[in-house]
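What follows is a set of notes on a single structure, which appears directly below.
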Amino acid sequence: MDFPDSYLNALKGTANLSGRRQPLSFPPPQSQVPDIPPILLKEILSRLPIRSLLRFQCVCKPWLKLISDPQFSILFQKGKIAIRGGKGLLYDLHLDSESDRVSMVRLHYPRRKKEIGGTEEV
Amino acid sequence: MASSIENNNEKLTLKSSDGEEFLVEKHVALQSTLLQNMLDSDCSSADVIPLPKIDARTLALVLGYCKKHADASSSKQGELNSFDSEFLKDMDMGALFNLVLAANFMEIKGLLDIAAQKIADTIKDKPHQEVREIFHVENDYTPEEEAAVREENRWAFEGFP
């Protein structure tokens, strides 16, 4: 079910972080942040760790599209902890310190977490 | 022979979007592939080169970067690295974004790399809601859609609002 914007705005007050389809009012940045064309947005996002990228899929739909795009993965820099599985899929490895298990996260849609278990060597 | 020595001392005039003019030594300007191509194609150094997308504040920063990198010898990579991190250290987001745009327009690969990396380093541990603010991005998800994307990447959100 969809909440009306007015309801969300009232709920969140002025710092309306999850307000939808409404111009948001924030304290102005120290200097004006210009619009960044998509090509430069890719330049910036391709330098992020995969964990940040997965979170930033929630920023907005265009970001989800960009980050999920298989073409995007070729921008990744060396040294990033990711492996390429069959069928060109990109996986990220996640070490859970509590259970000491390594999980494999498929980066591209459908994003699912898969246990590959134990202290498996990568 | 004499003319090539003369050319090395040539200066160019660059004009920012807000009308300020900058006199730049040619070897400094050559850090920019855009300017290099213009010089190669016989653009007269007497001409004023307009940079309509770059304001004076940003252009001054860009030229400071170019001068340091043009003057340093290649053996001083360590010195350049510490210059780079000092150069970006206290820069706010607006200035960094303007630098990325300017470096892209003027084709200064090294500057584009360090500025984009600095932005990435600044946002990487921030909640996505804050990243929306920084990039002035409108959230076009319904709460349900956002929750679904979040659920698929639950581990990435551990410790985040």
Side-chain angles (χ1 to χ4, degrees), chain A residues 1-3 8 12 15-37 39-64 67-68 77 92 94-96 103 105-107 109-113, chain B residues 53 55 57-58 90-105 112-161:
Chain A
M1 138 172 191
D2 246 11
F3 293 103
L8 287 171
K12 294 285 178 181
N16 182 8
L17 296 184
S18 60
R20 305 164 35 228
R21 299 179 188 91
Q22 286 276 326
L24 306 181
S25 58
F26 297 110
Q30 285 165 289
S31 64
Q32 192 61 44
V33 173
D35 280 342
I36 289 286
I39 183 79
L40 293 182
L41 184 60
K42 282 187 196 177
E43 278 285 344
I44 295 165
L45 297 187
S46 66
R47 290 172 162 81
L48 285 167
I50 289 172
R51 187 170 186 231
S52 308
L53 280 177
L54 291 179
R55 283 192 295 110
F56 294 168
Q57 290 181 329
C58 276
V59 166
C60 62
K61 289 176 184 175
W63 282 41
L64 170 71
I67 294 168
S68 316
Q77 290 176 314
D92 180 37
H94 171 59
L95 177 67
D96 186 323
S103 311
V105 179
R106 196 188 287 176
L107 188 60
Y109 189 84
R111 296 162 302 278
R112 272 194 212 108
K113 193 169 170 180
Chain B
K53 292 181 171 180
D55 63 25
R57 183 190 173 206
T58 306
D90 296 319
M91 219 172 267
D92 65 62
M93 270 294 177
L96 283 170
F97 277 103
N98 279 318
L99 266 189
V100 165
L101 289 170
N104 181 60
F105 180 72
L112 178 61
D113 281 344
I114 61 165
Q117 186 65 53
K118 174 76 176 183
I119 295 173
D121 292 345
T122 310
I123 63 171
K124 72 181 165 72
D125 294 322
K126 292 194 186 298
H128 68 280
Q129 297 93 332
E130 202 176 319
V131 172
R132 254 179 221 144
E133 290 179 48
I134 292 170
F135 284 77
H136 298 302
V137 173
E138 193 183 332
N139 178 13
D140 55 356
Y141 283 115
T142 66
E144 292 78 12
E145 286 168 342
E146 186 177 335
V149 176
R150 192 187 168 111
E151 178 60 26
E152 283 171 351
N153 303 295
R154 207 187 331 171
W155 70 268
F157 283 89
E158 281 163 17
F160 283 93

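The analysis underlying the following values was restricted to heavy atoms, covering all of them including side chains, and did not include hydrogens, waters or symmetry mates. All values derive from a computational prediction rather than experimental measurement. Every chain is numbered from 1, with letters handed out A, B, ... down the list of sequences.
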### Message
Between R47(A) and D121(B) (salt bridge meaning N to carboxylate O under 4.0 Å), is one present in this structure?
### Response
no
### Message
Using 0.5 Å steps for rounding, measure from the CG atom of L53(A) to the CG atom of N153(B).
### Response
10.5 Å
### Summary
Separation between CD1 (I44(A)) and CZ (F135(B)), nearest 0.5 Å, reads 4.5 Å
## Note on the structure
Okay, I123(B) and chain A: the region with an atom under 4.5 Å from a heavy atom over there is both
### Query
Does F97(B) reach the side chain of L40(A), with side-chain heavy atoms less than 4.5 Å apart?
no
#### Entry: Separation of K61(A) NZ from E146(B) CD (nearest 0.5 Å)
11.0 Å
### Task
Verify, without hydrogens or angle tests, whether R132(B) (side chain) and V59(A) (backbone) share a donor-acceptor contact under 3.5 angstrom.
yes
### Query
What part of K126(B) lies closer than 4.5 angstrom to a heavy atom of chain A: side chain, backbone, both or neither?
backbone
### Task
Answer yes or no: is there a side-chain heavy-atom contact under 4.5 Å between N139(B) and C58(A)?
no
## Note on the structure
Minimal heavy-atom distance between W63(A) and V137(B), with the atoms involved, is NE1-CG2, 3.9 Å
### Message
For a 4.5 angstrom cut-off between non-hydrogen side-chain atoms, does Q57(A) reach E152(B)?
### Response
no
### Query
So, do D140(B) and P62(A) sit near enough that their side-chain heavy atoms are less than 4.5 Å apart?
yes
### Task
Identify the heavy atoms of D35(A) and L101(B) that sit nearest to each other, and give their distance.
O-CD1, 4.0 Å
#### Entry: Exam field: side chain R55(A) to backbone K124(B), donor-acceptor pair closer than 3.5 Å
yes
